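Only this structure's heavy atoms are used, side chains among them; waters, hydrogens and symmetry mates stay out. Note that the structure is a prediction, hence the values are computed from the model and not measured.
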Amino acid sequence: MSASSRLYIFVIAILLALFCIYNVVVYNTDGYVAVEKLSPTAVKGQQLFQNNRCWSCHQLYGLGGYLGPDLTNIYSTEGKGPLYIKAFLNSGVKSMPQYNFSEEEKDALVQYFKQVDQTGIYPNYNAEIEATGWVKIKYRNETSRD
Amino acid sequence: MKSKSPIYFLLFALVALFLGMFFGMTASFQYLMPEFLKQQIPFSKLRPFHVTSVISWIVLCATGSIYFFLVYVEKFKLFSPFLAKLHFIIFLLTGVAIYFSFSFDYTKGREYFAFMPILIVPILIGWILFGINYFKTLYKNVKGWPVYYWMWGTGIAFMCYHLLEAHFWLFDFFRLNFIKDFAVQWKSTGSFTGSWNMLVYGISIYLMSKIKKDSNVATNKTAFFFYFLGLSNLMFGWAHHTYLLPTQPWIRYVAYAISMTEWIVLASIIYNWKRSVLKVEKENHPMAYRFLLATDFWIFINIILALLFSIPAINFFTHGTHITVAHSMGTTIGINTTILFSALFFIVHQIYPDFETDRKWVKRGFVSFNISLFIFFISLIIAGAKRSYWMYVSKTGSFSEMQDSLVPYYISFFIFGIGIFVSLSIIAFPLFKAFFQKIKS
């Protein structure tokens, strides 16, 4: 084996070792704000969100599709909330298909949005933009400081 | 007789491209007429068809090209032609199963992998077979690997890992912690993209070394430096997709620092511009050469955009807008697809040395492809900028008013999307015919 091949294998080995450590740490790190684990009902709601591909039009934390609005804080936004969400589900507004959710399914989706809402804020209007290019986001547990 | 599996992959890839563009066009129509057929075929039904098909185009074409280079150009004896055939059959059947699962709404998965999660098993088996065949073949045949062999090997290995990671949500350990789960989901999709980029960028270096007849581009120290840089970005850079997700800040700091190393890539592109482009020997490979030129242009545009919005302060405004879409379209179409077409033209020349690649219509298609893509790209940037303005500056008006104000850009997006579809179809048709003929012979 040539000297350069040995060097390359060495570099890869180091990168892989770092990657393993990094993954173990990332997989064992919770979000910045401590929240309850998803309840069984919320998990059901999340599964409905997936089965019906709500993500292809809607976003959570700005990730997802662009045809509908972001739903991260739909649960707690003024003028919106559980009843508003339920009203939307089976109404079929604009490009949104008209679904046929049972009351139980609607509750599950609402529970999911409720727990997502507790994890943070998006869009994060009170984030601080720093000179280094860094953005210090405002966390859920900091809201009381307003 | 040589294995025909590589050609099967390429044909299958072109079919996926055609279908993917078709679904994309129909889906984008819903931006113009939101109510059109929305109960029968809502956007949410078409989008998975589109995304899976176009990703399949990239992945299958890369796979077929790599098999082809090993067997037909390097003339290695494949470790097992049977495994390659099996790989193809598994992917073909899984592809059909995925279409079925989308058609009948068995879509329990998540974005990019919406199909029934169980289907990831055959996909993984396919990749493992590819890996076995690849490493066994090279191990026997090559000493002192040029960088593209490393890149392909890395691409295959990381592809397996990140496809698996994209399904970690099936375990409660991840799923019940929303933020961790969501972060890992976007980590896996980001690195999944990085994995296929390893395959595709490896192909571009392979092509450059063959078209220039200069193996140095793939063996010098700089090439390896950039390979390691790319690999570090694949491993640790993903969190620039989730700067606004309340993960632990260190995850985002690492991503910011790692992402900024890509400025070195930009600097080197500018520094090497003339050297890399002009020396290419174009007589034998006029179209392969032209597509690589287009790649250079699109890399330049996209890397500037990507670098800018990997800075959190800029990302803050562009995240969640069509500017992100512009980036993903610019890279998958502008960079990946041009490299893959370059590979296809190179390949067809290997199979039929007399095949005239730069026919009049193909050249026209090439020009209209680039123009269409450019306007398509710009339409998305403007739509994204307007959405960002609505979100962070004006903050007035409802969501649907904002959407309505974007319609002119959606129209242009739609029309130039058709432009891309038609142009690529014109370019691909002679290739498709040639590969088909090869299969029959």
Side-chain angles (χ1 to χ4, degrees), chain A residues 1-2 4-5 8 11-12 15 18-19 22 26-27 29-33 35 37-38 43 46-47 50-57 59-70 92-98 115-116 119-125 127 129-130 133-137 139-140, chain B residues 30-31 34-35 38-39 42-45 47-48 105 107-111 114 143-145 150 168 174-180 182-184 186-187 221 224 228 231-232 235-236 241-249 251 256 311-316 319-322 325 391-392 399-400 403:
Chain A
M1 203 186 286
S2 71
S4 52
S5 289
Y8 300 149
V11 176
I12 296 231
L15 281 175
L18 286 175
F19 186 57
Y22 173 82
V26 167
Y27 298 155
T29 304
D30 289 343
Y32 189 76
V33 179
V35 288
K37 293 193 166 163
L38 290 193
V43 169
Q46 183 183 52
Q47 193 59 54
Q50 285 173 215
N51 294 358
N52 293 288
R53 300 167 307 265
C54 310
W55 47 261
S56 62
C57 299
Q59 311 171 304
L60 293 173
Y61 286 102
L63 296 158
Y66 296 90
L67 209 44
D70 189 282
V93 182
K94 289 265 182 156
S95 56
M96 181 157 153
Q98 188 170 4
Q115 291 208 270
V116 170
T119 61
I121 304 164
Y122 182 86
N124 208 299
Y125 292 118
I129 296 177
E130 298 177 353
W134 184 251
V135 172
K136 194 163 175 299
I137 59 181
Y139 298 101
R140 238 321 171 224
Chain B
Q30 237 134 40
Y31 274 89
E35 318 256 350
K38 73 161 189 183
Q39 281 310 115
F43 180 77
S44 46
K45 184 137 191 156
R47 187 177 153 177
D105 292 332
T107 48
K108 288 188 176 235
R110 292 187 172 176
E111 190 163 357
K143 298 275 170 299
W145 289 14
W150 289 89
F168 280 180
F174 291 93
R175 189 170 195 177
L176 299 186
N177 281 286
F178 178 79
I179 292 296
K180 175 165 82 183
F182 209 51
V184 171
W186 289 92
K187 171 183 189 299
K221 291 237 155 47
F224 277 90
F228 291 128
L231 185 55
S232 316
M235 290 173 168
F236 310 112
H241 300 124
T242 54
Y243 282 141
L244 295 170
L245 192 65
T247 49
Q248 294 294 340
I251 296 180
Y256 183 23
I311 299 172
I314 296 178
N315 180 276
F316 180 73
H319 180 78
T321 73
H322 309 68
V325 191
M391 273 171 82
Y392 294 104
F399 177 83
S400 64
Q403 277 291 36

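Of the listed residues (A:Thr119, A:Val26, A:Leu60), the greatest number of heavy-atom pairs within a distance under 4.5 Å of chain B belongs to A:Thr119. In terms of heavy-atom pairs under 4.5 Å with chain B, the best-connected choice from A:Ser56, A:Ala127, A:Pro97 is A:Ser56. Most heavy-atom pairs under 4.5 Å with chain B, from the set A:Gly92, A:Gly65, A:Cys54, A:Gly62: that is A:Gly62. Interface check for chain B: of the options A:Ser95, A:Pro123, A:Cys57, the most heavy-atom pairs under 4.5 Å are formed by A:Ser95. When the candidates A:Lys94, A:Arg53, A:Gln46 are compared by the number of heavy-atom contacts under 4.5 Å with chain B, A:Arg53 comes out ahead. The residue among B:Tyr243, B:Phe236, B:Phe174 with the most heavy atom pairs within less than 4.5 Å of chain A is B:Phe236. Of all the listed residues (A:Gly64, A:Gly31, A:Gly120, A:Pro69), the one sharing the greatest number of non-hydrogen pairs under 4.5 Å with chain B is A:Pro69.
For the atom pair A:Asp70 CG and B:Met391 CE, the distance stands at 6.5 Å (nearest 0.5 Å). Atom CD1 of A:Ile129 sits about 12.0 Å away from atom CD1 of B:Ile311, to the nearest 0.5 Å. A distance of 8.5 Å separates CD1 of A:Ile137 from CD1 of A:Ile121, quoted to the nearest 0.5 Å. Once rounded to the nearest 0.5 Å, the distance linking CH2 of A:Trp55 with CD of A:Gln50 reads 9.0 Å. Distance CG/A:Asn52 to NZ/B:Lys108: 11.0 Å, rounded to 0.5 Å.
With a threshold of 4.5 angstrom between heavy atoms, B:Tyr31 approaches chain A through its backbone and through its side chain. For B:Lys143, no part lies under 4.5 angstrom from a heavy atom of chain A. Contacts of B:Asn177 with chain A are made by side-chain atoms alone, with heavy-atom separations under 4.5 Å and no backbone atom involved. If you measure heavy-atom distances from B:Pro249 to chain A, the contacts under 4.5 Å come from both the backbone and the side chain. Proximity to chain B is limited to the side chain of A:Tyr122, based on heavy atoms less than 4.5 angstrom apart. With a 4.5 Å cut-off on non-hydrogen atoms, B:Lys187 touches chain A through its side chain but not through its backbone. Only the backbone of A:Val93 comes within less than 4.5 Å of a heavy atom in chain B; its side chain stays farther off. When heavy atoms are compared at a cutoff of 4.5 Å, B:Thr242 approaches chain A solely by way of its side chain, counted from C-beta outward. Contact of B:Pro42 with chain A is made through the side chain alone, with heavy-atom distances under 4.5 Å. Only the backbone of B:Thr247 has a heavy atom closer than 4.5 Å to any heavy atom of chain A. For A:Gln47, the parts sitting under 4.5 Å from any heavy atom of chain B are the backbone and the side chain alike. Residue B:Leu245 touches chain A through both its backbone and its side chain, counting heavy-atom pairs closer than 4.5 Å. If you measure heavy-atom distances from B:Phe228 to chain A, the contacts under 4.5 Å come from both the backbone and the side chain.
Annotation: B:Phe316 is in aromatic contact with B:Tyr392 [ring centroid separation under 6.0 Å].
Taking both residues in full, the closest heavy atoms of A:Gln115 and A:Leu38 are given as OE1-CA, 3.2 Å, listed atom of the first, atom of the second, then distance.
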>> Pair B:Glu111, B:Arg47 - check side-chain contact (heavy atoms from CB on, under 4.5 Å), show working.
In response: CA-CA 10 Å; B:Glu111 190 163 357; B:Arg47 187 177 153 177; 2.4 Å; yes

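Ring geometry, A:Tyr8 versus B:Trp150: the interplanar angle exceeds 60°, so the pair is classed perpendicular (tilted spans 30 to 60°).
Qualifying salt bridge (charged side-chain N to carboxylate O under 4.0 Å, His left out) partners for A:Asp30, counting only residues two or more places apart in sequence or in other chains: B:Lys180. Contacts of B:Gln30 classified as side-chain hydrogen bond (donor to acceptor under 3.5 Å, both in side chains), with partners at least two apart in sequence or in another chain: none.
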